Amino acid sequence: MSEDDRDLHRRQLSDQFNDRGIEAADRKWLDEAIKAFKRAIELDPESAHAHDNLATVYSEKGMLLEALAEYLEAIRLEPDSPTAHYNLACFLSSHGHQMAIERYQEAIRMEHDYPDAHVNLGLCHADAGEHELAIQEFRTAVELDPDDLGAKQELAASLIDVGEFAEAIRHLKDVLKVEEENVDALIDLGIAYSAQGFYAEAERALTRAHALDGKEVIIAYQLAALYASWRKDDDALQALRTSYQLDEERTLGWVESDRVFDSIRHRVEFRQIFSS
């Protein structure tokens, strides 16, 4: 048998094992499917579809790093395959966030006293709306490094998300003692003070933020919401007008569902803002 004949025979056997793997995967016999796909790859390492199929089974088993490696290998072998790129995109959209969480957790398992890993893990949880888990990680980061102002600020933001405004205020004040011109911290402080009913304090924080960055729409909008809560209707309308001038689309999107403005929606001036 010639070398070409042997190569052809190995490719044919590889295809047979690939078919067995597909059948096993369809029956949810995932371990058997993995064995079959691996055998297909041993016989023909350049079988892109075998790598792609193995990646899919790894993904179903939660072996995310292994799955990613196989998806990337399939693309390396067939860079012009739209299916390979599509499958990788689907995998990343479904599991990219979870992969990041698992890697941060592994880093923390190896070295618990790793503040940056706790902060980044907290950010992953916050992005997913898992605020209690985020708070837990940010707290740990602050305990490990009390001088980490970024961790304190992220902790405060997550505390605001769950309505723990008093503690958020304490952390934000610590941040602002060192970073007096931290606009984001001033905005969050204004939001927290307003939620607690400390309107004058909220106004000071937000007007300070506005003085530092007069083009940031969220500051004008939060001032409008503050004044509406405070029943300073004329000030609320003026701030809302400024917000709309800075960013019409975002302001309109926010105000449509924000009940804080219900007390002034009937006013002609309110309607005029959005009809101009």
Side-chain angles (χ1 to χ4, degrees), residues 1-134 136-138 140-141 154:
M1 181 182 294
S2 69
E3 187 66 28
D4 288 343
D5 289 338
R6 281 194 290 270
D7 288 344
L8 176 59
H9 181 63
R10 290 174 68 86
R11 287 195 297 271
Q12 290 173 338
L13 283 176
S14 174
D15 288 340
Q16 290 175 18
F17 276 102
N18 185 65
D19 290 341
R20 291 182 195 177
I22 292 172
E23 183 178 350
D26 287 343
R27 294 170 180 261
K28 300 301 180 183
W29 299 342
L30 301 184
D31 290 335
E32 290 79 358
I34 288 173
K35 291 177 183 177
F37 291 135
K38 282 186 172 182
R39 181 58 178 149
I41 292 167
E42 287 176 6
L43 290 164
D44 182 10
E46 296 189 0
S47 174
H49 55 280
H51 285 285
D52 195 70
N53 290 332
L54 178 57
T56 300
V57 177
Y58 277 148
S59 177
E60 288 190 42
K61 285 181 65 69
M63 301 168 65
L64 302 183
L65 285 180
E66 293 86 348
L68 177 60
E70 294 300 328
Y71 279 126
L72 291 173
E73 181 64 10
I75 287 178
R76 187 190 70 79
L77 292 167
E78 290 188 358
D80 296 327
S81 168
T83 300
H85 287 279
Y86 173 82
N87 288 340
L88 175 59
C90 290
F91 171 78
L92 291 174
S93 66
S94 300
H95 299 293
H97 176 78
Q98 185 59 35
M99 287 181 68
I101 287 177
E102 289 181 4
R103 291 306 93 202
Y104 287 129
Q105 288 175 334
E106 180 64 13
I108 290 167
R109 186 191 67 77
M110 297 171 69
E111 183 181 344
H112 183 268
D113 296 347
Y114 196 160
D116 288 348
H118 287 285
V119 169
N120 288 328
L121 178 55
L123 290 170
C124 285
H125 286 310
D127 288 343
E130 300 164 347
H131 301 301
E132 294 295 347
L133 291 174
Q136 178 180 324
E137 297 301 328
F138 293 140
T140 300
E154 295 297 346

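Given the structure is predicted, the values throughout are model-derived calculations rather than measurements. We number each residue from 1, following the sequence as shown.
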Test side-chain contact (heavy atoms from CB on, under 4.5 Å) on E70 and I41; report intermediate values, then the result.
CA-CA 11 Å; E70 294 300 328; I41 292 167; 4.1 Å; yes
Stepwise side-chain contact (heavy atoms from CB on, under 4.5 Å) check, L92 with L68:
CA-CA 8 Å; L92 291 174; L68 177 60; 4.2 Å; yes
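E111 pairs by the side chain to side chain contact (heavy atoms under 4.5 Å, CB included) definition with Y114, not counting sequence neighbours. With sequence neighbours excluded, the residues forming a salt bridge (charged side-chain N to carboxylate O under 4.0 Å, His left out) with E73 are R76, listed by chain and number. Annotation: side chain to side chain donor-acceptor pair (under 3.5 Å) contacts of K61 (sequence neighbours excluded): D31. With sequence neighbours left out, E23 forms a salt bridge (charged side-chain N to carboxylate O under 4.0 Å, His left out) with R27.
Listed by first and then second residue, the ring pair (Phe, Tyr, Trp, His ring centres under 6.0 Å) pairs involving residues 19-77 are Y71-F91 (not counting sequence neighbours).
Side-chain atoms of H97 never come within 3.5 Å of backbone atoms of H125 as a donor-acceptor pair (strictly under, hydrogens ignored). Between the side chain of S93 and the backbone N or O of A89, at least one donor-acceptor pair lies under 3.5 Å.
By the 4.5 Å heavy-atom criterion applied to side chains, L77 and E46 are counted as neighbours. Using a 4.5 Å heavy-atom threshold, the side chains of T56 and E60 count as touching. Using a 4.5 Å heavy-atom cutoff, the side chains of E78 and D52 are not in contact.
To the nearest 0.5 Å, atom CG of residue N18 and atom CG of residue L13 are 12.5 Å apart. Atoms CD and CD, on E130 and Q136 in that order, are 11.5 Å from each other to the nearest 0.5 Å. Between the CG atom in L64 and the NE2 atom in H95 there is a gap of 6.0 Å [rounded to 0.5 Å]. Expressed to the nearest 0.5 Å, how far CG of L8 lies from CD of Q12 amounts to 4.0 Å. Atom CG of L54 and atom OG of S47 lie 10.5 Å apart (nearest 0.5 Å).
Nearest heavy-atom pair across A33 and G21 is CB-O, 3.5 Å. Between L30 and V57 the shortest heavy-atom distance is O-CG1, 3.6 Å. Here the closest heavy-atom approach between residue H118 and residue A141 is recorded as CB-CB, 4.0 Å.
For the pair R39 and E42, the salt-bridge criterion is met [side-chain N within less than 4.0 Å of a carboxylate O].
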Contacts table for residues 99-108: side-chain donor-acceptor under 3.5 angstrom, sequence neighbours left out:
unit_1, atom_1, unit_2, atom_2, d
E106, OE1, R109, NE, 3.1
E106, OE2, R109, NE, 3.3
E106, OE2, R109, NH2, 2.6

